[in-house]
Amino acid sequence: MKRVMFTLVVAVMFLSGCSFAGNSSPSNSPAPVSVTVPDNLPYSVRIAMSIAISSTDNEKQLGKPAIVRSGKPYTYEIRNLPDQSRLITVYDQSLRLLDQWRLDKLLNKEVFDGLTPGLSTSADVEQLDRFIYLVEYPKGKALSEHRLVQGTVTVNYENKDNTWVVKDIEYGSPDSPANLSRILEPEDLKEILPDTAS
């Protein structure tokens with residue numbers, strides 16, 4: 001699990017984490033094995049960073065996507081990674097990166113019902129989402145964001161005895177621009193829905 005301070009350090013670390021192999025992979029192949037995939041930064045953090053990454057930049061860094069869907073107001077790409085996960089990248093109409101998320105499947109809201117504020121830890125959250133990315137900010141607090149079938153969930157933490165303990169859980173609006181269910185075409189969405197989703 002990786003941690004960063006919620007400051008300008010976030011931007012520096014994100015950029016340094018984006019130095020990838022320059023070889024492009026065929027569109028029907030996984031991304032090159034040497035690729036370092038960007039971390040799952042919360043949507044609000046990524047937007048606040050205002051880093052102008054284009055689809056061309058992403059292709060140089062990550063290789064060619066398996067799927068590209070152009071549309072309004074979003075264009076998106078899906079890359080199949082060697083560990084069977086997927087990297088979904090969403091762009092605005094100018095093909096500037098808005099969002100990028102790595103996942104196996106979208107999660108059902110119910111999987112977070114088993115977390116108990118004050119008792120559950122970031123390790124418990126990692127059991128639900130192996131791509132957890134903890135963003136630390138001052139005064140011993142942190143958060144992680146996770147993508148649901150209908151929206152997002154933010155888990156807030158407090159540091160207690162060097163352990164990140166769940167403080168509370170906030171569910172985002174289904175209208176959020178980070179809701180992949182609103183962006184992906186049905187044939188792409190069905191590939192990342194959990195088995196229990198209707």
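Keep in mind that the numbers below use all heavy atoms, side chains included, and drop hydrogens, waters and symmetry copies. What you see is a predicted model, and the numbers here were worked out from it, not measured in a lab. For the single chain, residues carry numbers from 1 onward in sequence order.
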Do Lys109 and Tyr171 meet the cation-pi criteria used here (NZ or CZ under 6.0 Å from the six-membered ring centre, within 45° of the axis)?
-> yes
Identify the two heavy atoms, one from [X] and one from [Y], that lie closest to each other, and give their separation to 0.1 Å.
X	Y	answer
Thr152	Ala178	CG2-CB, 3.7 Å
Tyr157	Ser144	OH-OG, 2.7 Å
Ile183	Pro177	CD1-O, 3.4 Å
Arg182	Ser176	NH1-O, 3.2 Å
Ile132	Ser122	CD1-O, 3.9 Å
Leu119	Val165	N-CG1, 4.0 Å

Given side chains that start at C-beta, do those of [X] and [Y] come closer than 4.5 Å, heavy atoms only?
X	Y	value
His146	Val155	yes
Asp188	Glu185	yes
Arg86	Ile192	yes
Trp164	Val125	no

The side-chain contact (heavy atoms from CB on, under 4.5 Å) partners of Asp83 (sequence neighbours excluded) come to Leu81, Ser85, Arg102, Arg130, Phe131
Cluster link Ile78 to Leu193, ILVMFWY, side chain under 4.5 Å =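 Yes, Ile78 and Leu193 fall within the same hydrophobic cluster.
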Which residue, Ile169, Asp168, Thr121, forms the side-chain contact (heavy atoms from CB on, under 4.5 Å) with Leu115?
->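 With Leu115 as partner, side-chain contact (heavy atoms from CB on, under 4.5 Å) holds for just one option, Ile169.
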Tyr76 and its side-chain contact (heavy atoms from CB on, under 4.5 Å) partner, picked from Val68, Leu180, Val90 | Val90
Answer yes or no: is there an ion pair linking Lys141 with Glu158, defined by an N-O contact shorter than 4.0 Å?
-> yes
Is it true that [Y] and [X] share a donor-acceptor pair across their side chains at a distance under 3.5 Å?
X	Y	result
Glu170	Asn156	yes
Glu145	Tyr133	no
Asp99	Tyr91	no

Working for side chain to side chain donor-acceptor pair (under 3.5 Å), residues Gln100 and Asn40 = CA-CA 7 Å; Gln100 193 155 249; Asn40 283 345; over 6 Å; no
